[in-house]
Number of protein chains: 2
Amino acid sequence: MKLSQDDIRARFKARGLKVTPQRAAIYRALAETTSHPTADALYRAVRRRYPMISPNTVYYTLGALRDAGLIHEVNYWHDGARFDANMQPHHHLVCLGCRTIHDVMDAGLSRLQAPAGFRREFQITGHRVEFHGYCEACRETGPRRTARVTTRRSAPAARA
Amino acid sequence: MKLSQDDIRARFKARGLKVTPQRAAIYRALAETTSHPTADALYRAVRRRYPMISPNTVYYTLGALRDAGLIHEVNYWHDGARFDANMQPHHHLVCLGCRTIHDVMDAGLSRLQAPAGFRREFQITGHRVEFHGYCEACRETGPRRTARVTTRRSAPAARA
DNA sequence: GTCATTGCAAAGGATTTGCAGTTCC
DNA sequence: GGAACTGCAAATCCTTTGCAATGAC
């Protein structure tokens with residue numbers, strides 16, 4: 001989506017974000033692609049126009065935009081591959097507070113289909129449903145967020 | 001799930017995997033938890049019983065178990081946080097070949113509900129559906145796999 | 001005996017931190 | 001003026017690689 005400088009300015013203001021050239025460039029780059037880039041890819045992209053920009057700024061900014069509700073972090077599970085020996089079809093519920101992952105067995109969810117258009121264009125092999133929410137213990141604490149993007153360091157050690 | 005040494009042996013054999021103590025320990029640790037641990041968490045867990053085990057072995061073994069179909073890699077998207085400026089409710093289709101992510105707008109998918117039991121126990125804030133498959137270009141090549149676990153290095157640079 | 005598997009050591013690379021200087025409001 | 005933001009440099013830590021030794025079949 002093409003955005004004017006004023007569009008961006010207005011969106012930032014509406015969320016109480018300071019407007020800086022770097023920040024606008026990062027948001028613009030993300031808004032104009034549908035490729036779901038990583039933070040690093042955005043860093044590289046924006047650096048073409050702002051060679052001085054630092055990784056720090058990109059990571060910090062993405063965290064700020066996310067917390068402001070201007071962008072989505074598509075996958076919270078980027079803290080490393082996660083494994084599961086349960087081979088029955090099932091889905092997951094992730095607590096956004098403590099990041100615990102619960103198994104959801106539900107036959108109905110396993111019968112979902114992608115829209116017809118995609119079924120023609122793609123060979124669909126499966127799907128997965130991920131519910132998000134808060135467990136009882138985390139209900140009051142709200143989302144676990146830092147100013148930065150990732151949660152790797154603060155994720156609880158999985159008990160295996 | 002509790003597994004006897006023989007169970008494990010049988011499962012490995014059935015898939016043509018060599019049986020080694022380390023390998024069995026890794027699989028056992030994963031089968032006995034529902035916590036969806038990371039590779040690193042499993043490394044730490046198994047190391048308690050096999051202090052000599054190397055990270056290499058754990059990563060290598062997880063890749064082998066996954067390729068053999070004995071375990072699932074729950075989240076392929078562990079190659080870093082990915083972002084999206086599209087704030088309308090939507091879902092995703094991931095090509096398992098080239099890792100491209102496509103947006104799927106479908107109102108029906110957005111109305112899914114978690115099973116009642118979970119709705120009581122959790123405060124559900126949303127959900128996400130992720131379809132997996134192969135785009136036309138990748139249809140013949142099959143899954144992109146290495147012996148190892150991650151795909152970080154080989155993921156295509158997102159165009160932003 | 002052969003080949004997959006393992007351990008060790010070291011490299012790689014994305015992400016994070018501290019901090020000082022700068023910019024926006 | 002003050003708080004938020006930025007850049008720089010360095011550290012961190014998970015993950016990967018090369019290679020030689022080992023062990024399963």
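Within every chain, numbering begins at 1; the chains are lettered A, B, ... in the order of the sequence lines, protein sequences first and strands thereafter.
Scanning for side chain to side chain donor-acceptor pair (under 3.5 Å) contacts around A:Gln113 gives A:Arg119, with sequence neighbours left out. Scored by the side chain to side chain donor-acceptor pair (under 3.5 Å) test, B:Arg9 finds no partners at all (sequence neighbours excluded).
Atom OH in A:Tyr60 sits roughly 18 Å away from atom P in C:dT22 (whole-Å rounding). Rounded to whole angstrom, the span from the CD atom of A:Glu73 across to the P atom of C:dT15 amounts to 11 Å. The separation between B:Tyr59 atom OH and C:dA4 atom P is 24 Å, rounded to whole Å. For the pair A:Arg82 CZ and D:dC14 P, the computed distance is 13 Å after rounding to whole Å. The NZ atom of A:Lys18 sits 10 Å away from the P atom of D:dT6 (whole-angstrom rounding). The distance from atom OH of A:Tyr43 to atom P of D:dC8 is 9 Å, rounded to the nearest whole Å. One interatomic measurement links the two molecules: CD1 of B:Ile53 to P of D:dT22, which rounds to 17 Å at whole-angstrom precision. The nearest whole Å value for the distance from the CZ atom in B:Phe83 to the C1' atom in C:dT15 is 11 Å.
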message = Evaluate A:Glu121 against B:Leu93 for side chain to side chain contact (heavy atoms under 4.5 Å, CB included), listing each step before the verdict.
response = CA-CA 11 Å; A:Glu121 198 176 343; B:Leu93 191 163; over 6 Å; no
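Mapping A:Pro51 and B:Asp40 onto DNA chain D by nearest heavy atom places A:Pro51 closer to the 5' end of the strand.
Checking the phosphate oxygens (OP1, OP2) of D:dC13, no side-chain nitrogen or oxygen of B:Arg44 falls inside 4.0 Å. For B:Lys13 and D:dC25, the shortest distance from a side-chain N or O to OP1 or OP2 is below 4.0 Å. In this structure, A:Ser54 does not reach the D:dC8 phosphate: none of its side-chain N or O atoms is under 4.0 Å from OP1 or OP2. Between A:Thr61 and D:dT6 there is a side-chain polar atom (N or O) within less than 4.0 angstrom of OP1 or OP2.
Looking only at distances, a side-chain donor or acceptor of B:Arg15 sits under 3.5 Å from a matching main-chain atom of B:Ala68. Between the side chain of A:His127 and the backbone N or O of A:Leu109, at least one donor-acceptor pair lies under 3.5 Å. A donor-acceptor pair under 3.5 Å links the side-chain atoms of B:Arg82 to the main chain of A:His36, judged by distance alone.
For DNA chain D, the neighbouring residues in residues 19-28 of chain A, judged by any heavy atom under 4.0 Å, are A:Thr20, A:Gln22, A:Arg23.
A:Phe118 and A:Phe122 have tilted rings, their planes meeting at an angle from 30° to 60° on a 0 to 90° scale.
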